[in-house]
Number of protein chains: 2
Amino acid sequence: MNVVNDSPRRKELTRQAAQLFVQEGYDRTTVRMLAKEMGIKSGSLFHHFSDKQEILAAVIEEGTKSALTIAHRALELSDSSPEARLHAMARAHLETLFTDRNAHVVALYEWRRLDQPAKEYLVHLRDAYEALWQGVIDDALSAGLIKGDRFLVSCFVMGALNWTVRWYNPAGERTPEELADELVILIIQRGG
Amino acid sequence: MNVVNDSPRRKELTRQAAQLFVQEGYDRTTVRMLAKEMGIKSGSLFHHFSDKQEILAAVIEEGTKSALTIAHRALELSDSSPEARLHAMARAHLETLFTDRNAHVVALYEWRRLDQPAKEYLVHLRDAYEALWQGVIDDALSAGLIKGDRFLVSCFVMGALNWTVRWYNPAGERTPEELADELVILIIQRGG
DNA sequence: CAGTTAACCAAGCAAGCGCTAGGGCGGCTA
DNA sequence: TAGCCGCCCTAGCGCTTGCTTGGTTAACTG
């Protein structure tokens with residue numbers, strides 16, 4: 001019957017589920033709503049996913065993997081100076097946050113709805129991503145580019161960036177790059 | 001039958017509801033769970049609140065009013081220098097965030113579950129609070145204490161602070177005051 | 001002591017929920 | 001041409017949901 005495969009069909013269904021999860025929230029999204037959005041009947045849904053939670057896990061997995069890929073590429077392409085790397089990471093973060101917006105909003109808001117096994121698997125992906133950030137921040141601190149406690153700086157920066165999903169309007173006049181640059185301006189020390 | 005009063009009993013029930021909403025999320029919290037926590041039967045709940053959404057609105061109203069009160073008092077007691085006011089607001093924000101933690105977490109996570117009328121009423125309270133912040137940030141910008149765009153700086157600072165509810169452990173070694181001070185260190189410009 | 005009221009309970013309704021069982025169908029492969 | 005498999009459907013089971021109804025009880029008030 002139902003398997004944990006990764007067919008292209010399943011990828012597409014996952015993308016559509018993310019959209020609905022953002023609009024309605026995970027709990028409020030019924031399997032019948034999901035099926036309707038996908039153009040199938042609710043029973044058919046369980047051919048692709050073993051249960052509703054697995055759809056949630058699939059959405060979050062997609063988003064997190066994408067974030068990792070984008071961040072790695074950004075660091076590879078970036079200049080090696082601490083400031084360039086800080087810019088690169090901030091830009092990459094906002095880039096993935098808005099290109100895979102649905103998946104990331106779901107990851108940020110519905111994380112606790114995951115069951116324990118899914119949480120354990122996905123937390124490793126998230127840790128890998130956060131380790132990238134920690135490295136960049138450590139370098140910036142060593143270079144005297146920013147000031148403060150390494151743990152708190154990470155938390156504050158991640159907070160400032162992730163919070164953007166609550167207020168940023170992609171159709172507005174500011175680009176994600178401008179946002180990233182403004183954040184770096186706010187936190188780096190430039191004798192004044 | 002049921003009225004929109006503000007009896008002390010209702011206040012207490014609201015506090016207990018906040019606790020459950022944080023633990024389980026609004027949607028997952030059933031009226032039967034709420035009633036059990038309150039030591040009554042589910043039907044009796046509707047003597048105090050006209051429906052489930054009204055409980056949510058009551059929780060968020062409590063939290064926001066508390067934030068406003070604490071922020072006002074902090075600014076009155078504070079020195080008038082831009083830096084002192086920035087510190088005072090950051091400390092006040094974290095103080096209310098952790099003393100009325102349940103209510104604020106609910107406000108941050110379950111806002112979209114409010115119906116339109118409740119949202120319209122509560123958004124005024126929130127705007128009043130954010131106006132206080134905007135004033136303090138404008139002063140800090142004018143004084144050259146921080147750098148950047150006034151709107152973006154507000155959003156980043158609010159994000160960094162509100163995000164703390166996701167990682168801060170009140171039982172840990174850092175006090176909310178230390179957190180506030182560290183954030184100010186991160187963003188103010190001190191010739192380096 | 002009659003009248004009022006706030007607070008609660010027992011019982012249950014209608015709707016919606018996640019999920020299952022069993023089968024149909026068209027496109028592959030042998 | 002036979003057998004298989006991926007994908008989908010119909011029908012519905014068992015349960016939970018928010019909320020209602022009609023009534024009880026104890027405390028207050030004139």
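Labels below follow one simple rule: chain letters A, B, ... track the order of the sequence lines, proteins then strands, and each chain is numbered from 1.
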Let me spell it out: for each of G43(A) and T30(A), pick the nucleotide of DNA chain C with the closest heavy atom. Which residue's pick is nearer the 5' end?
T30(A)

Distance in angstrom units between D51(A) CG and dT20(C) P, rounded:
8 Å

Tell me the interatomic distance from L56(B), atom CG, to dG18(D), atom P, rounded to whole angstroms.
13 Å

How would you label the contact of R32(A) with the nucleic acid (heavy atoms, under 4.0 Å): base, sugar-phosphate, or nothing?
base

What class does the angle between the rings of F98(A) and Y168(A) fall in, given that below 30° is parallel, 30 to 60° is tilted and above 60° is perpendicular?
tilted

Geometric cation-pi criterion R166(B) and W111(A), 6.0 Å radius, 45° cone
no

Remember a base hit wins even if backbone is also touched, and classify K41(A) as base, sugar-phosphate or nothing at under 4.0 Å, heavy atoms.
base

Once the angle between the rings of W133(B) and H93(B) is folded into 0 to 90°, is it parallel (under 30°), tilted (30 to 60°) or perpendicular (over 60°)?
perpendicular

For H47(A) and dC7(D), is the shortest distance between a side-chain N/O and OP1 or OP2 below 4.0 Å?
yes

Rounded to the nearest angstrom, tell me the gap between atom NZ in K36(A) and atom P in dG16(C).
12 Å

What nucleotide among dG18(C), dC19(D), dC9(D) has an atom nearest to a side-chain atom of F46(A)?
dG18(C)

Over how many whole Å does the gap from L45(B) atom CG to dA6(C) atom P extend?
17 Å

Can you measure M33(A) atom CE to dG16(C) atom P for me and round it to whole angstrom units?
12 Å

Rounding to an integer number of Å, can you tell me how far I40(B) CD1 sits from dA6(C) P?
16 Å

Roughly how many Å is it from CG in L13(B) to P in dA6(C), rounded to a whole number?
15 Å

Counting only side-chain heavy atoms from C-beta out, which of dC19(D), dG18(C), dC8(C) sits nearest to K52(B)?
dC19(D)

For the pair made of CZ in F49(A) and P in dC7(D), what is the distance, rounded to whole Å?
11 Å

Geometric cation-pi criterion, K52(B) with Y26(B): 6.0 Å, 45°:
yes

Closest to the side chain of S42(A), out of dC19(C), dC9(C), dC8(D), is dC19(C)

Would you say H48(B) places a side-chain N or O within less than 4.0 Å of OP1 or OP2 belonging to dC8(C)?
yes

Is S44(B) near enough to dA7(C) that one of its side-chain N or O atoms lies under 4.0 angstrom from OP1 or OP2?
no

Do you know which of V157(B), L141(B), L75(B) makes side chain to side chain contact (heavy atoms under 4.5 Å, CB included) with V136(B)?
L75(B)

Phosphate oxygens OP1/OP2 of dA6(C): is one of them under 4.0 Å from a side-chain N or O of R10(B)?
no

